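Reviewing the structure listed below.
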Amino acid sequence: GIQVEQSPPDLILQEGANSTLRCNFSDSVNNLQWFHQNPWGQLINLFYIPSGTKQNGRLSATTVATERYSLLYISSSQTTDSGVYFCAVDHNNAGNMLTFGGGTRLMVKP
Amino acid sequence: DSGVTQTPKHLITATGQRVTLRCSPRSGDLSVYWYQQSLDQGLQFLIQYYNGEERAKGNILERFSAQQFPDLHSELNLSSLELGDSALYFCASSLGPGNEQFFGPGTRLTVL
C-alpha cells in the first residue's frame, strides 16, 4: 500500500516562531488532507489540498502532486497550535479511505 | 464542531464483552467512515459505507462489524473485546467517496 511519511516527528517552538511540516507519499494520490489533533483528541480539518496552495489565516499548505509531497506552513505560532499534525491521503480511485502519516507532534512554548 | 456526532464519548468495559459505537454524519453526507487510533498502530481505516452499502474495508478484525442505517447513521460493533482493542475510534463523513472527510470527536474505548 501507499506509504505516508511526515517530518519532523517532533517539533518544539517558541511562541511567535514559524515552522514547516512536510508530508511525503509514495504513490499518486487523488486527495490530500491536513488535520490538527488537539490535546483533547479532536481531529480538526485544516486543508483539503490535492494540489496547489491554500491559505487560512496563519496557516498555509502547498501540495506538489507530481513530486509527491505536501508542506504545511505555520507562521507566528501560538500555544494553541500545540498538538499533532497529520497528513492523510486518498490514493484509491474509489475515494474510499484515508491513509494517515505518523504525524508531527508540535509543542509551542510561551 | 465538524457536525459529526459520536456516542458515547468514553466507554470502559471488560475483556470478552461486546460494545456498540454510534455515529451520526453531517447533514447531507452519504458516506461514513470508521477509523481506529491506537498508540502502536496510529490512525487506521476500518470500513466505509455509502448510502447504506458497504463500499470498502480496511484492516478491520472479524470480531468487528458495522452497518449504516436508512437514516444514514452508522454503528460499529466490537465483540469478544481484547485488551488490544483499547483505542480511540473515530467516525468521519463526507458527501461521497473522494470528498473531504470530516471527523467526529471520537469514542475512547478502554478494555480492562
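None of the values given here were measured: they were computed from a predicted structure. Lettering of chains follows the sequences in order, A, B, ..., and the numbering in each one begins at 1.
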- Worked verdict on B/Y35 versus A/F100 for ring pair (Phe, Tyr, Trp, His ring centres under 6.0 Å): CA-CA 10 Å; B/Y35 293 84; A/F100 282 79; 5.7 Å; yes
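- Taking 4.5 Å as the limit, every side-chain heavy atom of B/F45 sits out of range of all side-chain heavy atoms of A/L98.
- Remark: B/L83 CG is packed, more than 12 non-hydrogen atoms of other residues, nucleotides or ligands lying under 6.0 Å away.
- Put simply, CD on B/E100 and CG on A/N31 are 9.5 Å apart, with the number rounded to the nearest 0.5 Å.
- Considering CE of A/M97 and CD of B/Q101, their distance stands at 10.0 Å, rounded to 0.5 Å.
- Atom-to-atom distance recorded for B/L88:CG and A/L43:CG is 8.0 Å, nearest 0.5 angstrom.
- There is no path of hydrophobic side-chain contacts, each under 4.5 Å, that joins B/V4 to B/Y89.
- Heavy-atom contacts from other residues, nucleotides or ligands closer than 6.0 Å to CZ of B/R108 number 12 or fewer.
- Counting non-hydrogen atoms of neighbouring residues, nucleotides and ligands closer than 6.0 angstrom, the CD atom of A/Q14 exceeds 12 such neighbours.
- Put simply, CD on A/Q37 and CG on B/L43 are 6.5 Å apart, with the number rounded to the nearest 0.5 Å.
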- Before giving the answer on side-chain contact (heavy atoms from CB on, under 4.5 Å), spell out for B/F90 and A/Q42 the whole-Å C-alpha distance, their side-chain angles and the decisive distance to 0.1 Å. CA-CA 9 Å; B/F90 285 106; A/Q42 288 181 297; over 6 Å; no
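- Here the OG atom belonging to B/S31 is positioned 7.5 Å from the CG atom belonging to A/N96, to the nearest 0.5 angstrom.
- The neighbour count for B/R26 CZ, taken as heavy atoms of other residues, nucleotides or ligands under 6.0 Å away, is above 12.
- Annotation: A/E5, atom CD; neighbour count of heavy atoms from other residues, nucleotides and ligands within 6.0 Å does not exceed 12.
- Hydrophobic clustering places A/I74 together with A/L11 (ILVMFWY residues linked when any side-chain heavy atoms are closer than 4.5 Å, directly or through intermediates).
- Atom CZ of B/F103 is separated from atom CD of A/Q33 by 7.0 Å, given to the nearest 0.5 angstrom.
- In this structure, chain A has no heavy atom under 4.5 Å from any part of B/Q44.
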